[in-house]
Amino acid sequence: MKAFIYQRADSAAHAAAAAVKPGAKIIAGGTNLLDLMKLQVETPSQLVDINALPLDKIEETPDGGLRVGALVRNSDLAADPRVRRRYGVLSRALLAGASAQLRNKATTGGNLLQRTRCYYFYDVTKPCNKRNPGSGCAALAGFNRIHAILGTSDHCIATHPSDMAVAMRALDAKVETVNHEGEARVIPIAEFHRLPGKTPEIETSLKSGEIITAVTLPPPPPGVQLYRKVRDRASYAFALVSVAAIVDSSRGRISSARLAFGGLAHKPWRVAQAEEKLANTSANASAFNVAANAVLDGARGFGGNDFKLPLTRRTLHAVLAEITRT
C-alpha cells in the first residue's frame, strides 16, 4: 500500500470539496476501497473520512417512504423493522450480500459505489479498460464466467456486484447528493449507474466533487416482494444471476410486476417491456416465458458465461411461480 494523506471531514460539503482534488477518495466503511488499495488497483494520494458526518439515520418521509442516510450500515438497514415490514426485498438483498462482519462495516452509499469483481480489474498485470482506459478488456476472450450478458460493449463486460442496488432499482429509489459548493441533487437510481460504452471507467453519474448523502425509498408498491440470488456457494459469493421481484397478483392473475436483475450487466438491469407483458396476465409458464424473452432481448454470452442465458430464464420462472402461489 502506498503512502497517503488522511483527513476527517466535518461536513458533507467539506468532504465533497476535498474530493475534488486529484487523487482524493472518500472513505466510509472501506470494505471495497481498502482491498483495492492493497492491490494497488486504487492508489489515492488522500483519503477523506466521512464517518463523523450525521448521515447514519433512517427517517420516515412525509409520503410514507424512508430516507436512508449514506452512512447507514448494511446490517442496520437490513434489520430495521420498517425495512423488514415494508421493503422485504431490500432486507433480503442486503442479507444475501457479503458476510455479517462486512455488512456491519459497509455503508449504503459505499454499497452503491462498490466496484466490479472482474478478475482482470483486480489484477494490475492484465489489461483492463476500467482500470487503465485504452488498454483493452482481457475478459472478452478470457475467463468470463461471472461477466455480463446484457448492456456490454467491446470495451468492457464487467458486472456491478451490489445486491442492495438491485433491490433499490426495483423499488425506484432516488440517490441524494451534495457537491463541493453545497448544492444538492436527486438522481433516480435508474440513471445513477452507467453502462460501459466506450468509457467503462466512468461508472456512475456522479460529478467531480459530488458525494452521496442519502437514498430515498418511495412508499412501498403493492404486491409480494422476493429476492433470489443464484451463486456458486451459499454465502460470501457474488451473484451469477439475482432477481428482485415485486408482484401484485390474486387468484392466478398478475396485476403488476417489477423485476430487477443483478449479475447480468454493468448496472442493475430492469426492462419495462418485461413488466408490461406480465401486467394483467395469467400467472403461467407461457406468460413467464414471454417476460423472460423481453429481459433477454439482445443478450449475448462470451463463452464462459453462456450458461447465464438459460439460468436467467429458469430463475425468473422460479421467482414468479413462487410469488404467484402465495
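None of the values given here were measured: they were computed from a predicted structure.
Separating the CG atom in Leu53 from the CG atom in Leu55 is a distance of 5.0 Å, to the nearest 0.5 Å. Separating the OG1 atom in Thr213 from the CD1 atom in Ile50 is a distance of 9.5 Å, to the nearest 0.5 Å. We find the OG1-NZ distance between Thr43 and Lys2 to be 5.5 Å, quoted to the nearest 0.5 Å. Rounding to the nearest 0.5 Å places OG of Ser75 at 9.0 Å from CG of Leu94. Atom CG in Leu296 sits 5.5 Å away from atom CG in Leu309 (nearest 0.5 Å). The CZ atom of Phe288 sits 4.0 Å away from the OG1 atom of Thr324 when rounded to the nearest 0.5 Å.
The side chain to side chain donor-acceptor pair (under 3.5 Å) with Asn111 is formed by just one residue from the set Thr31, Asn32, Asn74; it is Asn74.
Taking a cutoff of 4.0 Å between a charged side-chain nitrogen and a carboxylate oxygen, Arg92 and Asp163 do not qualify as a salt bridge. Using a cut-off of 4.0 Å between Lys/Arg side-chain N and Asp/Glu carboxylate O, Arg228 and Glu322 are scored as salt-bridged. A salt bridge is defined here as a Lys NZ or Arg NE, NH1 or NH2 lying under 4.0 Å from an Asp or Glu carboxylate O, and Glu203 with Lys267 fails to meet this definition.
Checked against a 6.0 Å centroid threshold, the rings of His160 and His193 count as neighbours.
Across all non-hydrogen atoms, the minimal contact from Thr61 to Arg67 is CG2-N, 3.8 Å. Of all non-hydrogen atoms in Glu191 and Ser205, the two that sit nearest each other are O-OG, 3.2 Å. Here the closest non-hydrogen pair linking Lys57 and Val72 is O-CG2, 3.5 Å. When all heavy atoms are compared, the tightest approach of Pro127 to Ser135 is CB-O, 3.3 Å. Taking every heavy atom of both residues into account, Pro22 and Ser45 meet most closely at O-OG, 3.5 Å. In terms of heavy atoms, Asn280 sits closest to Arg253 at O-NH2, 2.6 Å.
For the residue pair Arg194 and Thr199, a side-chain donor N or O sits within less than 3.5 Å of a side-chain acceptor on the partner. Under the 3.5 Å distance criterion, with hydrogens and angles disregarded, a donor-acceptor pair is assigned to the side chains of Gln7 and His14. Using a 3.5 Å distance cut-off with no hydrogens or angles, the side chains of Asn289 and Arg313 do pair a donor with an acceptor. A donor atom on one side chain and an acceptor atom on the other are not found under 3.5 Å apart for His180 and Lys21. Side-chain atoms of Gln101 and Asn104 include no donor-acceptor pair closer than 3.5 Å.
With a 4.5 Å cut-off on side-chain heavy atoms, Tyr227 and Leu90 do not count as touching. Inter-residue side-chain proximity for Leu316 and Leu259 is flagged as met; some heavy-atom pair is nearer than 4.5 Å. Taking 4.5 Å as the limit, every side-chain heavy atom of Thr159 sits out of range of all side-chain heavy atoms of His266. Within the 4.5 Å cutoff, side-chain heavy atoms of Ile254 are placed close to those of Leu278. A heavy-atom distance below 4.5 Å is found between the side chains of Leu113 and Leu206. Looking only at side-chain heavy atoms (C-beta outward), Arg185 and Asn179 stay at 4.5 Å or farther from each other. With a 4.5 Å cut-off on side-chain heavy atoms, Ile189 and Leu112 count as touching. The shortest distance between side-chain heavy atoms of Arg117 and Tyr119 does not fall below 4.5 Å.
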Stepwise, does the salt bridge (charged side-chain N to carboxylate O under 4.0 Å, His left out) test hold for Asp154 with Lys198?
CA-CA 8 Å; Asp154 292 339; Lys198 296 181 179 180; over 6 Å; no

So Asp80 and Arg85, salt bridge (charged side-chain N to carboxylate O under 4.0 Å, His left out) or not? Walk me through it.
CA-CA 9 Å; Asp80 187 279; Arg85 183 173 63 252; over 6 Å; no

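There is no path of hydrophobic side-chain contacts, each under 4.5 Å, that joins Val295 to Ile246.
Side-chain N or O atoms of Lys130 include one that pairs as donor or acceptor with a backbone N or O of Pro200 at under 3.5 Å. The closest donor-acceptor contact from the side chain of Ser153 to the backbone of Gly197 lies under 3.5 Å.
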